[in-house]
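For reference, the structure is listed below as structure tokens.
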Amino acid sequence: MARPPLVPPGPELTPQERTRYARHLLLPDVGSDGQRRLRAARVLVVGAGGLGSPALLYLAAAGVGTIGVVDDDVVDTTNLQRQVVHGAADVGRAKTASAADAVLAISPTTEVVQHTERLDEATALGVVADYDLVLDGADNFPTRYLVGDACARLGVPHVWGSVYRFDGQVSVWWAGEGPCYACIFPHQPPPDAVPSCAVGGVLGAVCASIGSVMATEAVKLLTGIGEPLVGRLLVHDALRQTWDALPVTADPGCRVCGSRADASRPLGWATGTSAGVGDTAESGDPPVTRPAIDVGELSALLASGEVDGTSSLLLDVREEGERAIVALPGGAWVPVGDVRAGAPVPGLAPGARVYVYCKSGSRSGEAVDLLRARGVDAVNVDGGILAWVALVDPTLPTY
Ligand SMILES: [Zn+2]
């Protein structure tokens, strides 16, 4: 269903703008009127990463007048495989600054607003309220739920995308017009329940496919052309090269936009930061006492020969592809999913101690808890292989 344009047209285009945007002016239903709407538009892009990068470039090229960029991260070498607004010379810079430079290189007249922060309950509503439309390419669930919640509460259309390995999803959430994010994904997964691109990998060009759909949807909504992805979830399988559109409908009982909505509750009920107001059972759990060792101590133990595979051994609970990048020598390997399923640790002698590591210490922490519940003397390696690379052997690759 077509919808009215989100943005009224601004002043007449200058002759220079008529030249620059000539291919838009030729398009039926866009024309000068649509281009003036784009120039008057204010669009917020959450995450200057894999999805935000192509979206930012196409929004800038399309002549969107004001683009806000939210990111609290700095450019890392591992980002360059897909985050095409950043170049090799940008490693170590704030992603917002790097993204702003890329936008301004394409469109010097675009106003770029850098929000170099992670949105939280206190800031999200105020930031989102300043924009006509939000593109959400966040790489973490707390931010996605927070942005979805803020957009739904403000009635701002929320162009959302997600990618993992060779797959992508994209939709437009819009409370009042169709489902909001929480209508379709009512429960935030616990940390590490769903693997991230940092763990499972992602084909860089899949980000371009999904990010460009997000930019297309933004232009359609701003100018009021076509049928936006409201009420449809587009599911992309790059290996089969298929796109399936699944119908999705608003949940009348949705706690964000439906009958159970409560505007007085703190924003971000699903983020786990608002104890007592959501379904985040873990927020009330007592702290778990979990034996741990830091990488310096582990290094000394390995050097002393104490971790001999009999009285104690190393256990890697990461995925196979992660081990191919970097791993500590020796030890056993059982992915955390197999630990959850009850798989034994190969070579583990009765009474032996297990030093468990993963990428950064979170999955290994879960594995330690599971193993200890089975009576195994398991100890978590704080900070995981990333801490090892940073503090013990910086010559090793990272990811
Ligand atoms: Zn909803």
Side-chain angles (χ1 to χ4, degrees), residues 1-4 6 43-47 51 70 119-164 168-190 193-194 210 213-214 217-218 220-222 227-235 244-283:
M1 184 175 84
R3 283 170 173 77
L6 281 179
V43 175
L44 182 69
V45 177
V46 179
L51 296 172
V70 180
L119 295 179
D120 61 27
E121 283 179 44
T123 59
L125 274 180
V127 171
V128 170
D130 208 21
Y131 293 89
D132 302 305
L133 175 73
V134 171
L135 271 71
D136 178 10
D139 63 355
N140 66 88
F141 283 106
T143 299
R144 285 188 202 169
Y145 278 86
L146 192 70
V147 170
D149 200 345
C151 288
R153 195 173 303 183
L154 293 165
V156 171
H158 174 201
V159 182
W160 166 93
S162 109
V163 287
Y164 180 66
Q169 300 182 7
V170 53
S171 189
V172 175
W173 314 119
W174 197 354
E177 301 282 330
C180 81
Y181 179 55
C183 286
I184 306 305
F185 301 103
H187 299 292
Q188 181 176 181
V194 179
I210 299 296
V213 171
M214 293 170 72
E217 291 303 300
K220 286 163 60 183
L221 288 160
L222 294 168
E227 296 182 20
L229 276 174
V230 177
R232 286 180 293 155
L233 175 64
L234 208 54
V235 178
D244 296 313
L246 311 178
V248 286
T249 54
D251 173 7
C254 174
R255 282 166 303 172
V256 172
C257 74
S259 59
R260 293 163 64 200
D262 175 6
S264 65
R265 68 182 157 69
L267 198 69
W269 56 273
T271 66
T273 56
S274 309
V277 298
D279 284 351
T280 49
E282 66 274 20
S283 63

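What you see is a predicted model, and the numbers here were worked out from it, not measured in a lab. The analysis underlying the following values was restricted to heavy atoms, covering all of them including side chains, and did not include hydrogens, waters or symmetry mates. Order of listing sets the numbers, starting from 1, for every ligand and every atom in it.
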Any idea which heavy atoms bring Thr249 and Ile184 closest together, and the distance?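 Here Thr249 and Ile184 meet closest at O-CD1, 3.7 Å.
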Residues 172-181 side chain polar contacts: donor-acceptor under 3.5 Å, at least two apart:
unit_1 : atom_1 : unit_2 : atom_2 : d
Trp174 : NE1    : Gly155 : O      : 3.1
Glu177 : OE1    : Arg3   : NE     : 2.8

For Asp244, all residues meeting side chain to side chain donor-acceptor pair (under 3.5 Å), sequence neighbours excluded: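 Expected list: none.
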Going by chain and residue number, what protein N/O/S atoms come nearer than 2.8 Å to the Zn ion (ligand 1)?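 Under 2.8 Å from the Zn ion (ligand 1) - ignoring waters, which are not counted - the protein N, O or S atoms are Cys180 SG, Cys183 SG, Cys254 SG, Cys257 SG.
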Kindly indicate whether the side chain of Asp132, heavy atoms from C-beta on, has any atom under 4.5 Å from the side chain of Val156.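 Sidechains of Val156 and Asp132: no contact.
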Would Tyr145 and Phe185 count as a side chain to side chain contact (heavy atoms under 4.5 Å, CB included) if you check the C-alpha gap in whole Å, the side-chain angles of each, and the deciding distance to 0.1 Å? CA-CA 9 Å; Tyr145 278 86; Phe185 301 103; 3.5 Å; yes
Listed partners of Asp130 passing salt bridge (Lys or Arg N to Asp or Glu O under 4.0 Å), at least two apart: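 With sequence neighbours excluded, Asp130 shows a salt bridge (Lys or Arg N to Asp or Glu O under 4.0 Å) to Arg42, given in chain and number order.
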